[in-house]
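Index from 1, following the sequence. These numbers come from a predicted model, not from an experiment. Counting convention: from 1, in listed order, for ligands and their atoms alike.
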Amino acid sequence: MGWDKEIEETSRELCKTFEEMHLKDELLRGVYSYGFETPSLIQQKGILPIVRGRDLLAQAQSGTGKTATFSIACLQKVDPSYRFTQALILSPTRELAMQSHNVISKMAKFLKGLNILRVVSGEAISETARKVAEAPQHIIVGTPGRVAHLIRSEIIDVSHLRIFVLDEADEMLSQGFKDQVVEINSNLPKNAQTVLLSATMPQEIIEITRQILNDPVQILVPRDELTLDGLRQFYVVVEKEEYKKEALFDLYDLIQPAQCVIFCKSRWKVNYFTKDIRRRGINACSIHKGMNYEDRDHNMQDFRDGKNRVLVTTDEFARCIDVQQISLVVNYDLPMEKESYIYRIGRSARFGKKGIAINLVTEEDGQMLKDIQEFYGIKIEEMPPSIKELLQLK
Ligand code: ADP
Ligand code: MG
């Protein structure tokens, strides 16, 4: 069962429609015009507590709509006539921050006089300073490094903040980001509310959240209920590492995915393997943190637009690709950390769609494959020859 029996789910109230949430008319229009009709479970449970000013610890599986949960709540709470930054949303990667900024800006389409600022590396600080000087930026969406820097340089002022959101909270509170997040937090008014969201919440992170959350509403899904309903998971054994490539091409021909993400263990392998795929005549692109921002943005956009059907990447991007057409995820190499597995496979089967995850393994990977199954309480089956009929993917 779940890893944290101690924490009971404390939000049982459900809002089955967006109307029931009593959102501002312009916001409701924005949500509908974005294409949403009914709220997902996490939205049904999570939006109102935030609107009411409660701290929130929300854990729900990948692809279930956490972005709109905090976006709608922030838009509802922020008052455009109050000329200060009122909401700050932090994400671990610039791509994810850009994605959230995009969602929230689109949903805010009909809200007049509301400014939403994106603060990520690769953008000129002078440009950010200009925007801040020009008009109040009610909501700021960014990455911790850049935001901390801008607060230190007194370019952005968070002393009137009301809502502090950490998306991918477990990553934000783990080693790489914790110091920056704590620094940012220390600049916020004591009464600002804090909202933490993630698909996974390891025990040691829950301990840390106790220090920054004040009597939070908690929505937690146990780990063994985390795997996605529409997703089938298989493994394929190859005798030697060198045979993985052919196995992958066979799979690709057989399954013919709408779009596909392939995870490799290193940046070097991503580069080299992307070239191989292209040589096969398949439109493929790659993304990893060793690339410059321009290439990252360009490749991500091409994949999003469907110009490239295959995206090759590393765990650095396991959490931040939200493209609904992805019907296949291939773990060309198994993840080094068990925790990454759920994020990788969650790139497919987003929002109830169907998908397949396939792990290419050699004998050496046996232990890790076993560990992953135990960790999540799942069974990954060997891929049957009749895979195609079995899946009937849309
Ligand atoms: P998470 O952050 O929980 O992994 P996202 O917020 O990225 O998930 O949402 C996953 C996908 O589901 C997105 O493409 C999003 O547009 C879609 N989605 C979220 N909520 C709804 C909704 N209420 N109705 C329709 N689609 C939704
Ligand atoms: Mg998310």
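Using a cutoff of 4.0 Å between basic side-chain nitrogens and carboxylate oxygens, Lys269 and Glu241 are scored as salt-bridged. Ion pairing between a basic and an acidic side chain is recognised when a charged N comes within 4.0 Å of a carboxylate O; Glu134 and Lys131 show no such pairing. Using a cutoff of 4.0 Å between basic side-chain nitrogens and carboxylate oxygens, Glu183 and Arg152 are scored as salt-bridged. Ionic pairing of Glu381 and Arg232 is not present here: no N-O contact between side-chain nitrogen and carboxylate oxygen is shorter than 4.0 angstrom. Between Arg347 and Asp322 no salt bridge is recorded (no basic side-chain N to carboxylate O distance below 4.0 Å). A salt bridge is defined here as a Lys NZ or Arg NE, NH1 or NH2 lying under 4.0 Å from an Asp or Glu carboxylate O, and Asp297 with Arg94 meets this definition.
Ranked by closest heavy atom to atom 11 (C) of ligand 1, the top entry among Glu168, Gln44, Gln324 is Gln324. Nearest-residue assignment for atom 16 (O) of ligand 1 (options Phe351, Phe36, Tyr343, Phe70; heavy-atom criterion): Phe36.
Considering backbone and side-chain N/O of Pro39, none are found under 3.5 Å from N/O of ligand 1. Residue Thr38 places at least one N or O, backbone or side chain, under 3.5 Å from an N or O of ligand 1. Where the criterion is an N or O separation shorter than 3.5 Å, residue side chain and backbone included, Ala68 fails it with respect to ligand 1.
Contacts between Gln43 and ligand 1 below 4.0 angstrom, taking non-hydrogen atoms only, involve the side chain exclusively. At a heavy-atom distance under 4.0 Å, atoms from both the backbone and the side chain of Thr67 approach ligand 1. The proximity of Lys66 to ligand 1, defined as any non-hydrogen pair under 4.0 Å, involves the side chain as well as the backbone.
Ligand 1 is approached by Gly63 to a heavy-atom distance shorter than 4.0 Å. Look at Gln99 and you'll find every heavy atom at least 4.0 Å from all atoms of ligand 1.
If you number the atoms of ligand 1 from 1 as listed, the ones under 4.0 Å from a heavy atom of Ser40 come out as 23 (N). For ligand 1, the atoms closer than 4.0 angstrom to any heavy atom of Gly65 are 1 (P), 3 (O), 5 (P), 6 (O), 8 (O), 9 (O), 19 (C), 20 (N). Shown in contact with Ser62 at under 4.0 Å from a heavy atom are these atoms of ligand 1, numbered in order with element: 4 (O). Close contacts between ligand 1 and Gln61 involve ligand atoms 3 (O) [criterion: under 4.0 Å to a heavy atom].
Aromatic rings of Phe273 and Tyr332 (six-membered ring for Trp) have centroids within the 6.0 Å cut-off, being under it.
A cation-pi geometry, defined here as NZ or CZ lying under 6.0 Å from the six-membered ring centre and within 45° of its normal, does not hold between Lys106 and Tyr34. Cation-pi geometry between Arg309 and Phe303 is not met: the NZ or CZ atom fails to fall both under 6.0 Å from the ring centre and inside 45° of the normal.
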